[in-house]
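Structure record follows, encoded as C-alpha cells.
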Amino acid sequence: MIPGPVEFEPSVLQALGAPTSSHVAPGFLESFGNSLEMMKKVWICPSGQPFIVAGSGTLAMEMAAANLTEKGDNVLVVSTGYFGERYAELLKRFGAKTNVLKAETGKTVSEDELEEALKQKKYKLVTFTHVDTSTGVKVDPRPFGRLGKKYGVLTILDGVCSVAGEEIIQEEWGIDVVLTASQKAIGVPPGLALMVVSPKAMNVWRDRKTPVGSYYCDWNNWLPVMEAYSERKPSYFGTPPVNLIMALETSLKLILKEGLKERFARHERIGKAFRAAFRAMSVNTIPENETHSASTLSCPFFPEGVSGQEFMKAMAGSDVTVAPGLLPEMKSEYFRVGHMGSVNNADVMSTLGAIESALTMCGYRYEQGSGLKAALEVLK
Ligand code: PMP
C-alpha cells in the first residue's frame, strides 16, 4: 500500500514473464499499436499523440520539457509539493526561465491566483502536479485548461500519481500534455514513461527554432516510431521494452474493461474511506480539505505523542507496507498510504487494521475500531 510501485494483476505479471519477441515481430506490432490506441481512450484524448518510451516518470517530465521549451522561454510551475519543485529544477536544465507559484503545504492555488500570475508575464508553458505524491494534495486541472486557452499558454499535467486513478478528460479540459509512469494507477511495473500530447502542443514543437536539447527525448526520433506502430508497421529508434509494453497492453485492457467511470468512482470511494477512518481516529492528514484530497493516496500525520519511528517499525512488523513521508521539511511528521490500481475494500480494511494496531502499540489513545467502522460506512 505504497504510492508506487503498486501491486500488479497476475495477468500483467505473466506478460512480463512471457518469452521476449523481436520488437518488430507481428505480435508485438499489434501490442504496441493497441497500447497507443488504448492510451488515447484512458486519457480521453482522441486527437492526441501518445508516446510510450522506456524510462521512469521523471523521463516523461523531461521529455515534455525538452521538446516544448527553448532557451529563454518563460515557464510557470505551480507547485503543491516535492514534484512541483522537481519540475522547476528540471526545466532550468533546458534554459527555461521558471517562476514557481507555490501553494502553502496542504493547499492548492486558487483560479484567481493562477490568473493573476498568467497576467503578469507572457508564459509559454504552465506545469502542475495533478496529485503531488509528497502531500496527497489534488489540484483541479479544469482552471488550468480554461486559463491556458485564454492566455495562449500550453498546459502540462504531471499525472504520475493520478492517470487511471483520478478523473482526467484531457481533450475536453484542454490540457496539452498529460504525462505519467507505469508503476502507479496504470498498473504496470516501473519502466515506462507515458504521455499524450495535444495537436496544439505538437505544432508548438514543430515550430521550434532550435534543436531539442536531449537526443533521447527528441520527438523527432520518437514520433515516426509511434506513428509506425500505430499502423502496425515496424520501426526503430531505441529498442522498446518489449515485455513492459506487452504488460501495458494487458493492463490498459483491464482498465477499459472495468470502465473509466467505475474506476474513478472506486478510487474516490476508497480515498474517502481512508479519510473518514483517519478523521474518526482524530488523525490529521496534510490536504486541508476534502476537495483538495487525492483519491490515490493519503498522507496522515503521526498523532501527538506517537513516535514516527516506532509507528513505522510497528507497521513493518505487520503484513501491510506503507511509505514514509517525503516532503523534506516535514518528512518525519507523517506517513503515506497509496491506494491506487487494483485496490479493493479488503485492502482498505486490512491496511486500516494494521494502522490501528500500530497506533495502539505506540500508546495512542483513541476509540479502537473507530477507523475501521468509519471506513466500512463509506464502503457500504
Ligand atoms: N511526479 C509525481 C507526481 C510522482 O509521484 C513521481 C514518482 N513518485 C514522479 C513525478 C517521478 O516519477 P519516477 O519516480 O517514476 O521518475
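Just follow the structure's listing: the first ligand is 1, and inside any ligand the first atom is 1.
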With His23, which residues qualify under ring pair (Phe, Tyr, Trp, His ring centres under 6.0 Å), at least two apart? Tyr236
Evaluate the criterion side chain to side chain donor-acceptor pair (under 3.5 Å) for residue pair Asp112 and Ser110; output intermediate values, then yes/no. CA-CA 5 Å; Asp112 287 347; Ser110 69; 5.2 Å; no
Is the closest side-chain donor-acceptor distance between Arg86 and Thr58 under 3.5 Å? yes
Atom pairs, nitrogen or oxygen, ligand 1 to protein, under 3.5 angstrom:
unit_1, atom_1, unit_2, atom_2, d
ligand 1, 1 (N), Asp158, OD1, 3.3
ligand 1, 1 (N), Asp158, OD2, 2.7
ligand 1, 5 (O), Thr133, OG1, 2.3
ligand 1, 5 (O), Lys184, NZ, 3.0
ligand 1, 8 (N), Lys184, NZ, 2.7
ligand 1, 15 (O), Gly57, N, 2.8
ligand 1, 15 (O), Gln183, NE2, 2.9
ligand 1, 16 (O), Ser56, OG, 2.6
ligand 1, 16 (O), Gly57, N, 3.3
ligand 1, 16 (O), Thr58, N, 2.8
ligand 1, 16 (O), Thr58, OG1, 2.5

Tightest non-hydrogen contact, residues Lys121 and Asn99, listed as NZ-OD1, 2.9 Å
Listed by chain and number, what are the side-chain hydrogen bond (donor to acceptor under 3.5 Å, both in side chains) partners of Glu167, not counting sequence neighbours? none
Check side-chain hydrogen bond (donor to acceptor under 3.5 Å, both in side chains) between Asn345 and all other residues, then give those that pass, not counting sequence neighbours. none
